[in-house]
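This report refers to the structure that appears directly beneath it.
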Amino acid sequence: MTSKERAALRAKANPLEPIIQIGKEGITDNLISQIDDTLDTRELIKIRVHLETAPMSPKEFANQLAPKLDAEVIQVIGGVIVLYREADEERIAEKKKKRGSGSAKAKAKKKVKIKGLRQRQREKEAKNPYAVYDRLNKDKNKKPSRTK
């Protein structure tokens with residue numbers, strides 16, 4: 001990557017907020033998979049390293065993360081790491097195949113139709129023919145409202 005490309009990416013990363021945080025746990029498998037997924041969707045991300053609790057310096061974290069993620073370190077300033085990886089459509093499609101076509105929760109979700117009072121009454125009357133008389137009696141027993 002040339003210095004001009006790196007400078008352009010630094011300029012793009014300037015307004016971004018850190019999405020991922022590294023703390024006392026350091027680099028874990030979950031962290032790597034989370035960063036990997038984020039790089040697939042965003043290409044350019046900021047990572048905050050909590051300097052007080054982290055076991056290593058931000059530069060050491062950046063140097064360990066970059067080869068594992070096939071990403072490039074754009075800059076490390078203070079406790080913030082900026083990583084860049086160009087989106088690879090083949091890799092993203094391969095990950096989606098491994099995961100399946102979606103979560104089981106999304107598959108199990110069914111459409112719910114909200115029924116109104118009249119619709120519920122019609123269904124009740126269709127099941128029970130005497131329900132018609134319940135409705136008629138209810139209307140007769142209503143007291144007229146008083147108005148002043």
Side-chain angles (χ1 to χ4, degrees), residues 1-128 131-132 134-135 138-139 142-143 145-148:
M1 176 173 286
T2 65
S3 61
K4 286 187 178 186
E5 292 172 338
R6 195 176 303 276
L9 289 172
R10 275 198 307 266
K12 277 187 178 179
N14 194 23
L16 297 178
E17 291 292 320
I19 298 172
I20 298 171
Q21 299 179 6
I22 301 175
K24 64 182 177 184
E25 298 272 326
I27 297 174
T28 61
D29 292 337
N30 286 339
L31 179 76
I32 290 173
S33 66
Q34 184 179 11
I35 294 172
D36 191 37
D37 292 342
T38 308
L39 282 170
D40 283 341
T41 57
R42 297 192 181 212
E43 290 187 348
L44 185 68
I45 62 168
K46 275 188 179 178
I47 302 170
R48 176 164 309 281
V49 177
H50 292 282
L51 299 172
E52 302 84 32
T53 57
M56 297 185 291
S57 71
K59 280 198 177 195
E60 292 171 339
F61 277 125
N63 292 334
Q64 282 188 6
L65 286 172
K68 289 181 182 179
L69 298 166
D70 295 328
E72 296 214 26
V73 179
I74 301 303
Q75 72 179 4
V76 179
I77 294 182
V80 178
I81 302 169
V82 178
L83 290 179
Y84 172 76
R85 181 177 72 197
E86 192 171 339
D88 184 12
E89 298 300 325
E90 292 174 7
R91 183 185 322 148
I92 294 169
E94 193 175 302
K95 281 185 183 179
K96 285 184 180 178
K97 282 183 185 177
K98 284 182 182 177
R99 288 187 188 144
S101 61
S103 66
K105 197 173 194 179
K107 288 179 184 175
K109 196 172 185 178
K110 60 181 180 180
K111 292 184 179 180
V112 177
K113 185 177 179 194
I114 299 172
K115 298 176 184 175
L117 182 64
R118 289 183 182 150
Q119 179 67 30
R120 290 193 308 261
Q121 184 64 35
R122 277 191 226 114
E123 288 178 2
K124 183 179 175 185
E125 289 172 3
K127 288 180 185 175
N128 181 4
V132 177
D134 293 343
R135 181 170 44 96
K138 202 183 283 185
D139 292 341
K142 279 188 179 177
K143 295 180 181 178
S145 60
R146 287 198 241 168
T147 56
K148 288 186 178 183

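Nothing fancy with the numbering, it's 1 onward along the sequence.
With sequence neighbours left out, the side chain to side chain donor-acceptor pair (under 3.5 Å) criterion links Arg122 to Gln119. Ser3 pairs by the side-chain contact (heavy atoms from CB on, under 4.5 Å) definition with nothing, not counting sequence neighbours. Remark: Glu94 engages no residue in a salt bridge (Lys or Arg N to Asp or Glu O under 4.0 Å) (not counting sequence neighbours). Applying the salt bridge (Lys or Arg N to Asp or Glu O under 4.0 Å) rule to Asp37 yields the partners Lys95, Arg99; only residues at least two apart in sequence or on another chain are considered. For the salt bridge (Lys or Arg N to Asp or Glu O under 4.0 Å) test, residues two or more places apart in sequence or in another chain that qualify with Glu123 are Lys115.
Heavy atoms only, all atoms of each residue included: Leu39 and Ala71 are closest at CD1-CB, 4.0 Å.
For Arg42, the CZ atom counts as loosely surrounded, since its 6.0 Å shell holds 12 or fewer non-hydrogen atoms of other residues, nucleotides or ligands.
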For residues 52-68, run the donor-acceptor check on the side chains, cut-off 3.5 Å, and write out each pair with its distance to 0.1 Å, sequence neighbours left out.
| residue | atom | partner | partner atom | Å |
| --- | --- | --- | --- | --- |
| Ser57 | OG | Glu60 | N | 3.4 |
| Glu60 | OE1 | Ser57 | N | 3.1 |
| Asn63 | ND2 | Lys59 | O | 3.2 |

Side-chain donor/acceptor pairs under 3.5 Å, residues 7-15, sequence neighbours excluded:
none

Throw together a table of side-chain donor-acceptor distances under 3.5 angstrom for residues 79-90, partners on residues two or more places apart or in other chains.
| residue | atom | partner | partner atom | Å |
| --- | --- | --- | --- | --- |
| Arg85 | NH1 | Asp36 | OD1 | 2.6 |
| Arg85 | NH1 | Leu69 | O | 2.7 |
| Arg85 | NH2 | Asp36 | O | 3.0 |
| Arg85 | NH2 | Asp36 | OD1 | 2.8 |
| Arg85 | NH2 | Asp40 | OD1 | 2.7 |

Pairs under 3.5 angstrom only: tabulate donor-acceptor contacts from the side chains of residues 19-32 to other protein residues two or more places apart or in another chain.
| residue | atom | partner | partner atom | Å |
| --- | --- | --- | --- | --- |
| Gln21 | OE1 | His50 | NE2 | 2.9 |
| Thr28 | OG1 | Leu31 | N | 3.2 |

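Of the residues Lys124, Glu125, Arg118, the one that meets the side chain to side chain donor-acceptor pair (under 3.5 Å) test with Gln121 is Glu125.
Taken from CG in Leu16 to CG in Leu44, the straight-line distance is 5.5 Å, to the nearest 0.5 Å.
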